[in-house]
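As a basis for the values below, the full set of heavy atoms in this structure was taken, side chains included, without hydrogen atoms, waters or symmetry mates. Chain A is the first sequence line, chain B the second, and so forth, proteins listed ahead of strands; every chain is numbered from 1.
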Amino acid sequence: MKKLINSPDTVLRDELEGIAAAHGDRVRVSYEPAYIVRNDAPVQGKVGIVSGGGSGHEPMHGGYVGMGMLDAACPGEVFTSPTPDQMLEATKAVNGGAGVLHIVKNYTGDVMNFEMAAELAVGEDIEVAAVVTDDDVAVQDSLYTAGRRGVGVTVLAEKICGAAAEERRSLQEVADLCRRVNAEGRSMGMALTPCTTPAAGEPNFTLADDEMEIGIGIHGEPGRERVKVESAARVVERLAGTIVDDLPFAEGDEVLAFVNGMGGTPLMELYIVYNELHKYLEGRGIRIARNLVGSYITSLEMAGCSITLLRLDAELTRLWDAPVDTIALRWGGP
Amino acid sequence: MKKLINSPDTVLRDELEGIAAAHGDRVRVSYEPAYIVRNDAPVQGKVGIVSGGGSGHEPMHGGYVGMGMLDAACPGEVFTSPTPDQMLEATKAVNGGAGVLHIVKNYTGDVMNFEMAAELAVGEDIEVAAVVTDDDVAVQDSLYTAGRRGVGVTVLAEKICGAAAEERRSLQEVADLCRRVNAEGRSMGMALTPCTTPAAGEPNFTLADDEMEIGIGIHGEPGRERVKVESAARVVERLAGTIVDDLPFAEGDEVLAFVNGMGGTPLMELYIVYNELHKYLEGRGIRIARNLVGSYITSLEMAGCSITLLRLDAELTRLWDAPVDTIALRWGGP
Amino acid sequence: MTHDDVVEWMARFAAEMTENRAYLSRLDGDIGDGDHGTNMDRGMKKVMEKLDGAGGDDIGATLKTVGMALVSSVGGAAGPLYGTFFMQMGQASAGRSELDLAGLVDAVDAGITGVQKRGKAEPGDKTMVDALLPALEALRQAAEEGADTADGLARAAAAGREGMEATIPLVARKGRASYLGERSAGHQDPGATSSHL
Amino acid sequence: MTHDDVVEWMARFAAEMTENRAYLSRLDGDIGDGDHGTNMDRGMKKVMEKLDGAGGDDIGATLKTVGMALVSSVGGAAGPLYGTFFMQMGQASAGRSELDLAGLVDAVDAGITGVQKRGKAEPGDKTMVDALLPALEALRQAAEEGADTADGLARAAAAGREGMEATIPLVARKGRASYLGERSAGHQDPGATSSHL
Ligand SMILES: Nc1ncnc2c1ncn2[C@@H]1O[C@H](COP(=O)(O)OP(=O)(O)O)[C@@H](O)[C@H]1O
Ligand SMILES: Nc1ncnc2c1ncn2[C@@H]1O[C@H](COP(=O)(O)OP(=O)(O)O)[C@@H](O)[C@H]1O
Ligand SMILES: [Mg+2]
Ligand SMILES: [Mg+2]
Ligand SMILES: [Mg+2]
Ligand SMILES: [Mg+2]
């Protein structure tokens, strides 16, 4: 295992100290329990938004703490969901009296830990609403699975709900909006290479030199199928095709197209993928009204990409365009 | 070779089309010859700033085109410097009557191609000044080499000179400022893994599973020495130690600390490196007044990092803080 | 079963987790994300810290401490589940300084009920529940037959092992492994394994 | 040497580059960044496009076209250098429809002078100059001895090859290879190699 770390046991602590040292002007970092909170929290009268999950997906979620997005993020150990005490303390720290929204990616561990945190918070008279994102079309959604995994849509939901919260919308409204974003968005990813968690020390799966995994999860969960490496155009057909047919997205739809890198993918390749996606959607009469290209929800050093499409309407577009000022996403005037 | 591309011969074109499709609201893309120019170019009365170099280092330089930074960027083939006709056309496109600054990284090919472009531009009565960046302390600067390579400082110089140009400073002033940034900055990098150019199809060098290359160049040029993989703390000592002793940076200095990822490095590791750098500089009495952490000058999918330190004064700090609105760097109100 | 027995039981469990850390993570790697061993080991170390020198003789209080330590240190799916298991056991044995088999049965029963409420797993979903339920049944059997505690625990352990091995052919319907669908069959469930240990 | 000979010479050079593309890039990979073959091949293909059907019999104009095509398509260090070489050669043979050895000597001399002005490389710096200069000297020799063109060119090629091989032990002082310092010795310079071909 080759990593720029000091020891597998200290990666989370060392990373958090680095974030605190680099971004003290924007966020405060608590170590016991671990959470990252915006400097001006709690914002009185604003719904607080808390997310969290295993580490190794940076900049998600810590990079999205700030004006117009998250109020706090709870990082777990690498690829392991955080614990209830983290979410409880973060929830207390961001509660400005208007209640707190928990945005939870649909993984059994995340869901159960956030559930327990919510129960504890309610015990302390904090109004909490939780929305679970589950946009990964690679997983069959059925009674026989834990349901679809939460992936790319989570980032978009955090941005859009953050904007709504800044407008002082109610907890109920922001939670409903979050459900709507989740309902209107779909994602699918692929991997050219695996990744290695510091604790494991060896790749979480193996791929031959000419193979790629289609439908990979952000923790290296196996995907739908393993095929020979293909052109970017063909990969986009596979991912976007499945996504479009699933919702389904229809001719005339306006979408936000999000091409995400898994962590070890050169930006050059992401733009090549975006170009193919642009052509593919054009061919199906779907118009890209907004886009996001970069590594925003990663899987350590995994090489590969994921595509997320979100159907837009006037309100979602306006909230997407609203100012955001975080470590990793920033636009619009303050 | 595993890459999300269509064919080695089309990567540059496909990437440029993707950038045009994604960022048409900010930049225009010319294909023959290839350059990326900000939408509002030429800005009358403002010094135009043009940079360029081989591709594969994204977001540099195309990601830095926009208000407060570059007016145009000229991308060459992967790891191959662009040709004079590109720089000539870009120079014409951004000439607002106040002259044009060429920011050139010190590689024989880049220097000669920009030289020829400048000669041609002067032939068309455009005032051109060229500044060559050479901040890589891994290379012995002597009569017997092509001189130090231009690396991380280039990004900082483009930001700072861009801010000065927005203030309508003269070509002479902006060029002098660029030389000053180059004189006050030093960098050094390391690699855990090599990278593969699409044209070559195989890694540009090989490293054993327990080895790293100290002093690597952004085109995979061999570094100073090859050693066993060490802790992040030790790596920082090697890089920062060499940098600090070279300028030298002295106790009491205020610096901008730039921790850069080589393309395949998880953000988590960059923050761990930043944390170690922060502690190391504190120990030497050097204060980090500003910082930049992320993959801003890359080497395709190479895993590793580079550290750049720039000694700050009031003016450089103010220009660094000035608003910038590009694809890859963005802050401050418009 | 005295308070000391409980503490000793935890110590053994902790030792097992350290010993089998890599093994459990490997099992989890096959059908999950490969962190179960690391998570449980981190958690049980935390538990031993908390118990060390805690003293007292209230079994219920001690089991609650164990559960809370696990909840706040394990994370993942196993954290809330094991945490709930021990917290509910503690609830059911609050104030008791000693447990006979019958008392143990009630406590374990409460623990499993908590796990199922939290995780919604049914028998056969290829989860820790498939190791816990058979163990409970064996324990109850033993209690009805008036067996002594040692014997009862031995029979429970044996039943748990069978349950654990029985997860091998199952198709996971809960947790990360369920993403694999059919492909999860043929692998032993790590959670069931840790429960048995 | 007629205009057709020049065009044919370019065609041969282009073919050589395609053939040795991988070989040149490998040489460059050893002491540079491994793109020399790709760059030269891309450039000479562009040259042939431009020449194809260009016609005319002005050797100078044609060589200038060649140089400009290389400058605008090769990139890297070799682009400006080869481009300058042919543009200067063209300058020196402007308007000529035929070149005798003496004329060729003047043209090549002008080309090399241009390369050295652009690249500041001295003999022994382990660059293409180390292949070009010996070739020029051999050509001049041949001219003074009144040898015929074919013979002169053959002797020049032989001298170029010797110069190329002589770069192997040299330590690079120019270009990317110079970063290697001593480590560049023992490798044949790719630029010198392409010049010889
Ligand atoms: N809903 C559930 N009910 C009961 N046990 C479960 C459930 N989901 C997962 N498990 C158990 O948890 C184990 C995985 O634990 P662990 O690897 O620590 O969590 P994660 O899957 O979040 O990484 C599985 O092997 C399974 O036995
Ligand atoms: N200053 C120079 N003068 C003459 N030739 C040079 C000079 N610098 C480099 N070269 C030649 O260029 C060759 C490298 O060309 P190429 O690989 O195409 O460019 P780059 O080094 O930019 O990738 C070297 O092998 C050397 O022969
Ligand atoms: Mg996990
Ligand atoms: Mg090159
Ligand atoms: Mg797991
Ligand atoms: Mg080269």
Sort [X] into side chain, backbone, both or neither according to what part of it lies under 4.5 angstrom from a heavy atom of chain A.
X	result
B:Met262	neither
B:Cys195	neither
B:Asp25	neither
B:Val78	side chain

query: In terms of heavy-atom contacts, does CG of A:Asp209 have more than 12 from other residues, nucleotides or ligands at under 6.0 Å?
result: no
Between [options], who has the most heavy-atom pairs with chain A when the cutoff is under 4.5 Å?
options	value
B:Ile272, B:Val273, B:Leu300, B:Leu267	B:Ile272
B:Leu12, B:Val229, B:Ile19, B:Leu270	B:Ile19
B:Glu58, B:Glu15, B:Met1	B:Glu15
B:Met268, B:Glu276, B:Glu211, B:Glu17	B:Met268

Under a 4.5 Å cut-off applied to non-hydrogen side-chain atoms, are [X] and [Y] in contact?
X	Y	value
B:Met67	B:Thr326	no
A:Met60	A:Tyr296	no
B:Ser231	A:Ile5	no

Is the shortest side-chain N to carboxylate O distance from [X] to [Y] below 4.0 Å?
X	Y	value
B:Glu301	B:Lys3	yes
B:Lys159	B:Glu166	no
B:Glu237	B:Lys279	no

message: Pairing donors with acceptors under 3.5 angstrom, does anything connect the side chains of A:Tyr271 and B:His23?
response: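 There is such a pair (donor and acceptor under 3.5 Å, judged by atom type) between the side chains of A:Tyr271 and B:His23.
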- prompt: So, B:Asp14 versus B:Thr10: side-chain donor-acceptor pair below 3.5 Å or not?
  reply: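 Per modelled atom types, B:Asp14 and B:Thr10 side chains form a pair under 3.5 Å.
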Close contacts, residues 280-294 of chain A versus chain B, judged by heavy atoms under 4.5 Å: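 Residues in range: A:Asn291, A:Val293.
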query: Quick one: which of B:Ile327, B:Ile36, B:Val65 gives a side-chain contact (heavy atoms from CB on, under 4.5 Å) with B:Arg26?
result: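 Looking at B:Ile327, B:Ile36, B:Val65, the match for B:Arg26 under the side-chain contact (heavy atoms from CB on, under 4.5 Å) is B:Ile327.
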task: Give, as side chain, backbone, both or neither, the part of A:Ala303 having an atom under 4.5 angstrom from any heavy atom of chain B.
output: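 No part of A:Ala303 comes within 4.5 Å of chain B.
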- prompt: In terms of heavy-atom proximity below 4.5 Å to chain B, should A:Met190 be classed as side chain, backbone, both, or neither?
  reply: side chain
- prompt: Looking at A:Arg234, A:Met302, A:His278, which one has more heavy-atom pairs under 4.5 Å with chain B than the rest?
  reply: A:His278
- request: Look at the side chain of A:Ser295 and the backbone N and O of A:Thr298, then say whether any donor-acceptor pair between them is shorter than 3.5 Å.
  value: no
